[in-house]
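Keep in mind it's a predicted model, so treat the numbers as computed, not measured.
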Amino acid sequence: MIALVAGGAAAGGAVGWFAAPHAWRFLPEQARARRAARLAPRLAVASATAAVWALLAWRIGLVPELPAFLYLGTVGTLLAAVDLAVRRLPDLLVLPSYPIGTGLLMVATLVAAEFWPLVGALAGAVALWAAYAVQRLFAARSIGRGDVKLAGVLGLYLGWLGSGAWLLGLVAGFLFGGLFGIALIALRKATRKTEIPFGPFMLLGALFAIAMS
């Protein structure tokens, strides 16, 4: 297990290093140039990806669905970086994750010869997308269209792990986001009307649910 975790961290760091420039292209031109010229942002993405891959390798293990979760860890890190920088979850990163994630989980289903986890994954994707879509109808300022699209992707993976992980991921995302907002208000860095990027907290909640499932 130690070798698997260490290998996951090393591979994740390498993937994050080479994937980071794909996140910069969604930034404004001046910001993109600054990020490209500095080493720290690229190291931050690489380090975050390494940590996520190590956690997933430890929690998921060497099983057929591991590649699917590693993909989520990679694209999720990029999405968090972009959302924190420009408050945007690009369709070019989110939408392809539906067929890619589904395809990887289908391969895992065929290898393991277990059909029901895939059913749970598809149901989880629809349910979490619907949950966020309904919230957007009543709280459009706090839930963006990008958040709704990302919810379906996260629901796919959480549904694969079961209803308990699905519910924990949903609750944890709102809890982490709410605590962050309260902390900003307490520090007088924001007000109740301040918009904060919610994607990173959705991803953090999903990662927490995966770790705890």
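Between P200 and A80, the shortest heavy-atom distance links the atoms CG-O, 4.0 Å. Nearest heavy atoms, A54 versus A9: CB-CB, 3.9 Å. Closest heavy-atom contact between R42 and A20: CG-CB, 3.8 Å. Minimum interatomic distance between S97 and Y71 (heavy atoms only, all atoms of both residues): OG-OH, 2.9 Å. For the pair T49 and G12, the tightest heavy-atom approach, listed with the atom from each and the gap, is CG2-O, 3.2 Å. The two residues L79 and P90 make their nearest non-hydrogen contact at CD2-CD, 3.8 Å.
Among the candidates T102, V107, I100, the single residue satisfying the side chain to side chain contact (heavy atoms under 4.5 Å, CB included) test with L104 is I100.
Side-chain heavy atoms closer than 4.5 Å link hydrophobic residues (I, L, V, M, F, W, Y) into clusters, and following such links, possibly through other members, connects L167 to L150. Hydrophobic clustering (ILVMFWY, side-chain heavy atoms < 4.5 Å, transitive): L62 and L72 are in one cluster. Hydrophobic clustering (ILVMFWY, side-chain heavy atoms < 4.5 Å, transitive): M212 and V5 are in one cluster. Connection of F26 to V86 is established within a shared hydrophobic cluster, with ILVMFWY side chains joined at heavy-atom distances below 4.5 Å, either directly or through further cluster members. Both I210 and V171 sit in one connected hydrophobic cluster of ILVMFWY residues. Membership requires side-chain heavy atoms under 4.5 Å apart, directly or through other members.
Crowding of L137 atom CG: a count of heavy atoms from other residues, nucleotides or ligands under 6.0 Å exceeding 12.
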What's the verdict on side chain to side chain contact (heavy atoms under 4.5 Å, CB included) for L128 and Y157, showing C-alpha distance, side-chain angles and the deciding distance?
CA-CA 11 Å; L128 199 57; Y157 289 89; over 6 Å; no
Would you sort out whether L105 and L122 count as a side chain to side chain contact (heavy atoms under 4.5 Å, CB included), showing the intermediate values?
CA-CA 10 Å; L105 291 177; L122 297 175; over 6 Å; no
Stepwise, does the side chain to side chain contact (heavy atoms under 4.5 Å, CB included) test hold for L179 with L175?
CA-CA 6 Å; L179 291 175; L175 178 62; 4.1 Å; yes
Tell me, with the steps shown, if L168 and F208 meet side chain to side chain contact (heavy atoms under 4.5 Å, CB included).
CA-CA 8 Å; L168 180 58; F208 177 76; 4.0 Å; yes
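With rounding to the nearest 0.5 Å, the separation of OG1 in T109 from CG in L118 is 4.0 Å. The CD1 atom of I60 sits 6.5 Å away from the CD atom of E65 when rounded to the nearest 0.5 Å. Separation of atoms CG (L89) and CE (M202) is listed at 7.5 Å; rounding is to 0.5 Å.
For the pair V148/W129, a side-chain contact is recorded, criterion being any heavy-atom separation below 4.5 Å from C-beta on. Side-chain contact between L4 and W58 is absent, with no heavy atoms from C-beta onward closer than 4.5 Å.
With no hydrogens or angles considered, a side-chain donor-acceptor pair links T74 and W53 at under 3.5 Å.
Of the possible donor and acceptor atoms, one in the side chain of D147 sits under 3.5 Å from a partner among the backbone N and O of G144. Counting only distance, with no hydrogens or angles, the side chain of R87 and the backbone of P197 share no donor-acceptor pair below 3.5 Å.
Under the 30°/60° scheme for interplanar angles, the aromatic rings of Y132 and F198 are found to be tilted.
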